[in-house]
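Values below: all heavy atoms of this structure, side chains included; hydrogens, waters and symmetry mates excluded.
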Amino acid sequence: DPRTTELRRRIIVEKPFLRRLYREWYDRLWAALPPSDAVAGEVLEIGSGGGFLQEVHPEVITSECFPCAGVNRVIDAQALPFADQSLRGIVMVDVLHHIPNAEKFLSEVARCLRGGATLAMVEPWNNRWARFVWTHFHHEPFLPATAEWNLNNVAAAGPLSRANSALPWIIFDRDREQFSRRFPALEIAQIAVDYPFSYLLSGGVSMRNLMPEFLFRPIRAVERILPNCGLFAMITVRRR
């Protein structure tokens with residue numbers, strides 16, 4: 001529902017602590033891209049409707065699966081309307097686990113990225129702490145035992161609820177060898193697990209903010225020294 005997406009964007013922009021978190025995610029995603037003088041092509045953001053990446057990097061092509069404010073293109077992530085090897089990068093935040101068929105999407109990524117180009121994303125992750133949080137405090141399904149990389153068996157119970165928050169972990173960790181066999185043109189360059197508390201303290205897009213903005217930097221400093229217990233992973237996939 002476009003109204004849900006536009007409401008999410010207002011919440012993200014108007015909650016200072018959460019906005020700082022998204023800005024950090026955007027900076028890390030952009031830093032993962034190859035320099036434009038090394039790899040030519042445009043950068044596509046998928047699932048842009050709830051965010052503000054274009055305010056930070058005006059050159060990005062924003063996209064969504066339905067018309068909504070602030071979006072350049074309406075596209076299907078499983079059938080990208082771009083020429084072979086034409087993109088320098090694809091970036092996204094909290095999108096992969098909503099794509100109905102991740103294998104089709106990754107095939108399109110391999111087709112559209114130039115050699116040396118990057119798919120960079122921030123996605124939910126799976127570990128003991130993350131399982132507890134995603135299972136008990138989040139409305140989206142978290143199904144780490146799911147065999148397939150699609151949402152065929154996930155019923156939608158509300159806005160944005162057709163998802164499997166464990167899907168990024170399934171593809172890039174549990175089924176990593178399978179990923180390498182299916183997509184030999186793609187290599188997993190980095191998985192950095194982080195953010196064990198800051199998203200919760202921000203209240204996300206559905207809960208009250210628990211922290212003032214000035215505490216963002218000290219909280220992030222503490223989080224950076226905690227090993228592999230984050231709720232999210234920064235995942236970088238490079239086109240060979």
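Interatomic distance, NE2 of H97 versus CG of N164, reported as 8.5 Å (0.5 Å rounding). Of the inter-residue distances, the one linking L119 atom CG with M92 atom CE reads 5.0 Å to the nearest 0.5 angstrom. Considering CD of E59 and CD of E42, their distance stands at 10.0 Å, rounded to 0.5 Å. Separating the CD atom in Q85 from the SG atom in C112 is a distance of 10.0 Å, to the nearest 0.5 Å. In this structure, SG on C229 lies 11.5 Å from CZ on R128, to the nearest 0.5 angstrom.
With 3.5 Å as the limit, one finds no donor-acceptor pair spanning the side chains of E64 and T5.
Nearest heavy-atom pair, G89 versus L33, reported as atom, atom and distance to 0.1 Å: CA-CD2, 3.8 Å. S63 approaches I75 most closely through the heavy-atom pair OG-CD1, 3.4 Å. Here the closest heavy-atom approach between residue I99 and residue A77 is recorded as CD1-CB, 4.0 Å. Closest heavy-atom contact between I191 and A233: CG2-CB, 4.0 Å. Summarising the geometry of P168 relative to S165, their closest heavy-atom pair is CD-O, 3.5 Å, with the distance given to 0.1 Å.
Crowding of N72 atom CG: a count of heavy atoms from other residues, nucleotides or ligands under 6.0 Å exceeding 12.
No continuous path of ILVMFWY side-chain contacts below 4.5 Å connects V39 to I61, so the two sit in separate hydrophobic clusters. Both L7 and L18 belong to a common hydrophobic cluster when Ile, Leu, Val, Met, Phe, Trp and Tyr are linked at side-chain heavy-atom distances under 4.5 angstrom. Cluster annotation: L186 and L80 are assigned to the same hydrophobic cluster (Ile/Leu/Val/Met/Phe/Trp/Tyr, side-chain heavy-atom contacts under 4.5 Å, transitive). Under the 4.5 Å side-chain heavy-atom criterion for ILVMFWY residues, a single connected hydrophobic cluster contains both I219 and V122. Side-chain heavy atoms closer than 4.5 Å link hydrophobic residues (I, L, V, M, F, W, Y) into clusters, and following such links, possibly through other members, connects I90 to F179.
Judged by the 6.0 Å and 45° rule, R73 forms a cation-pi pair with F82. Geometric assessment of R131 against the ring of W169 yields a negative cation-pi assignment under the 6.0 Å and 45° thresholds.
Using a cut-off of 4.0 Å between Lys/Arg side-chain N and Asp/Glu carboxylate O, E55 and R19 are scored as salt-bridged. Comment: E108 engages R111 in a salt bridge, judged by a side-chain N to carboxylate O separation of less than 4.0 angstrom. Classification of D194 and R28 as a salt-bridged pair holds, one side-chain N sitting under 4.0 Å from a carboxylate O. Using a cut-off of 4.0 Å between Lys/Arg side-chain N and Asp/Glu carboxylate O, E6 and R9 are scored as not salt-bridged.
Proximity of a side-chain donor or acceptor of R8 to a complementary backbone N or O of V205 within less than 3.5 Å is not detected. The main-chain N or O of P196 is found under 3.5 Å from a side-chain atom of W129 such that the two form a donor-acceptor pair. Side-chain atoms of T236 never come within 3.5 Å of backbone atoms of T118 as a donor-acceptor pair (strictly under, hydrogens ignored). In this structure, K104 contributes its side chain and A79 its backbone to no donor-acceptor pair below 3.5 Å.
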Next item on the list: In sequence, state the C-alpha distance, the side-chain angles, and the governing distance for Y26 and V60, and then conclude on side chain to side chain contact (heavy atoms under 4.5 Å, CB included).
Entry: CA-CA 12 Å; Y26 291 155; V60 71; over 6 Å; no
Next item on the list: Could you walk me through whether W134 and F232 pass the ring-ring contact (aromatic ring centres under 6.0 Å, His included) test, one step at a time?
Entry: CA-CA 11 Å; W134 298 133; F232 294 90; 5.4 Å; yes
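Between F137 and F132, the ring planes lie perpendicular to each other; the angle is over 60°, past the 30° to 60° tilted range.
Two residues are said to be in side-chain contact when any heavy atoms from C-beta on lie closer than 4.5 Å; V109 and F183 fail this criterion.
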